[in-house]
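Input: a single structure, listed below in structure tokens.
Positions are given from 1, in the same order as the sequence printed here. Start at 1 and go down the list; that is how both ligands and their atoms are numbered.
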Amino acid sequence: MTTPTPTPSAEPLILALFGPPGSGKGTQAHLLVEEFGFAHLATGDLLRLEIRDKTPLGLQAEAVMKSGGLVSDDLVQRMLSEHMLRALESRRGILLDGFPRTAAQFEFLERFLGEHGHRLDAVFNLEVTMEVLITRLTGRRLCRVCGRVYHVVNMPAKVEGRCDDDSGELYQRADDTRESIEKRMEVYESQTRPVLEAFQQRQVLLGIPANEEARIVHPRLAVQIRRLLARATTVGQ
Ligand code: AP5
């Protein structure tokens, strides 16, 4: 299948993947970036890099992330602003992952994009049942080198414990413990899920059934993105 490439006059799309922990945001983002070439901005990944590099921001975020709580809006927004500016300049389009996840973050995003002459085009809500989420999170493994996401049963690496792409060591995230997963689910229900209503009001929300295998979920997203790209291209002409 050929992928429509936006013409230079098309406005770059600004999209967000939304959903509870384990709904497959990172997995789908990886596939969409491969297909559409978006700049992928995942706040969880960016925070983990800050922790790895022991930056002041990483040191502030580490304990709260490990426990399953949310890092403060202020820290996350400051961290993301720089990345967003660079991504907007590149005009490749942006795929947000794990942001916004509070009402304040959504307000910030709208304001930030507005100030730079953009707006949020769509939010894809990955809909997954609780039972499936727990199985996915407890079996998740990540590559220490490139961050690629695996699952011990659903998406195993070809060689156990090693990444298919670069043979990097696979590890389990510090917050993929039962205790932390339970806390993350609670936080999702109380602080993140309510933001869906605001997306709905702005008419940017699209529900994507996402209980099935990743290769079945991916085309559901891709078809919506092709529609949005076609619309952006027409508007840009
Ligand atoms: P973050 O890294 O964003 O974690 P999360 O939202 O809890 O989401 P996950 O990464 O756990 O899941 P995912 O939806 O990406 O699923 P994945 O594709 O990996 O955030 C971590 C922490 O950082 C937060 O708790 C918070 O402290 C902080 N933080 C981040 N952003 C913040 C913000 N904006 N504000 C404040 N704090 C913030 O898949 C999971 C597993 O399932 C994998 O093993 C995968 O192989 C498997 N899988 C995926 N899809 C499928 C499928 N379709 N079928 C079968 N298996 C699948």
I need the contact type for [X] against ligand 1. Using non-hydrogen atoms and a strict under-4.0 Å cut-off, is it side chain, backbone, both or neither?
{"X": "Gln28", "answer": "neither"}
{"X": "Val187", "answer": "neither"}
{"X": "Thr27", "answer": "both"}

Rounded at 0.5 Å granularity, tell me how far [atom1] in [X] sits from [atom2] in [Y].
{"X": "Glu169", "Y": "Leu142", "atom1": "CD", "atom2": "CG", "answer": "11.5 Å"}
{"X": "Leu88", "Y": "His116", "atom1": "CG", "atom2": "NE2", "answer": "7.0 Å"}
{"X": "Leu96", "Y": "Met84", "atom1": "CG", "atom2": "CE", "answer": "6.0 Å"}

Exercise. When clusters are formed by joining ILVMFWY residues with side-chain heavy atoms under 4.5 Å apart, either directly or through shared neighbours, do Leu31 and Leu95 land in the same one?
Worked result: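 The answer is no; the residues belong to distinct hydrophobic clusters.
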
For this session: Give a yes or no on whether Leu17 and Leu120 share a hydrophobic cluster (residues Ile, Leu, Val, Met, Phe, Trp, Tyr; joining criterion: side-chain heavy atoms under 4.5 Å apart).
Result: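 Cluster IDs for Leu17 and Leu120 differ.
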
Do [X] and ligand 1 have an N or O pair less than 3.5 Å apart?
{"X": "Asn154", "answer": "yes"}
{"X": "Gly24", "answer": "yes"}
{"X": "Leu137", "answer": "no"}
{"X": "Asp45", "answer": "no"}
{"X": "Lys25", "answer": "yes"}
{"X": "Thr43", "answer": "yes"}
{"X": "Val71", "answer": "yes"}
{"X": "Phe99", "answer": "no"}
{"X": "Asn211", "answer": "no"}
{"X": "Met155", "answer": "no"}

Just to be sure I'm reading this right: ignoring hydrogens, which of [options] gets closest to [atom]? Compare them by their nearest heavy atoms.
{"atom": "atom 35 (N) of ligand 1", "options": "Gln105, Met79, Met185", "result": "Gln105"}
{"atom": "atom 20 (O) of ligand 1", "options": "Arg101, Gln191, Glu62", "result": "Arg101"}
{"atom": "atom 4 (O) of ligand 1", "options": "Gln172, Arg141, Gln77, Arg173", "result": "Arg173"}
{"atom": "atom 2 (O) of ligand 1", "options": "Lys66, Arg48, Arg136", "result": "Arg48"}

Exercise. Do Arg92's NZ or CZ and the ring of Phe38 fall within the cation-pi criteria of under 6.0 Å and 45°?
Worked result: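 No, Arg92 does not lie over the aromatic ring of Phe38.
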
Exercise. Are the aromatic ring centres of Phe18 and Phe199 under 6.0 angstrom apart?
Worked result: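 So the answer is yes for these two rings.
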
Exercise. So which heavy atom in the protein is nearest atom 53 (N) of ligand 1, and how far is it from that ligand atom?
Worked result: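 Here the nearest protein heavy atom works out to Glu212 O, 2.7 Å.
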
Problem set entry | Contact check, side chains of Leu15 and Val123, non-hydrogen atoms, under 4.5 Å |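 Of all side-chain heavy-atom pairs linking Val123 with Leu15, none is under 4.5 Å.
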
For this session: Determine, using heavy atoms of His30 and all atoms of ligand 1, whether some pair is separated by less than 4.0 Å.
Result: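 It does not; every heavy atom stays at 4.0 Å or beyond.
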
For this session: Assess Gly19 for proximity to ligand 1: is some non-hydrogen atom of it under 4.0 Å away?
Result: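 Not so, Gly19 does not reach ligand 1.
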
Problem set entry | Short side-chain donor-acceptor distance under 3.5 Å, Glu50 and Thr55 |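 The answer is yes; a qualifying pair exists.
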
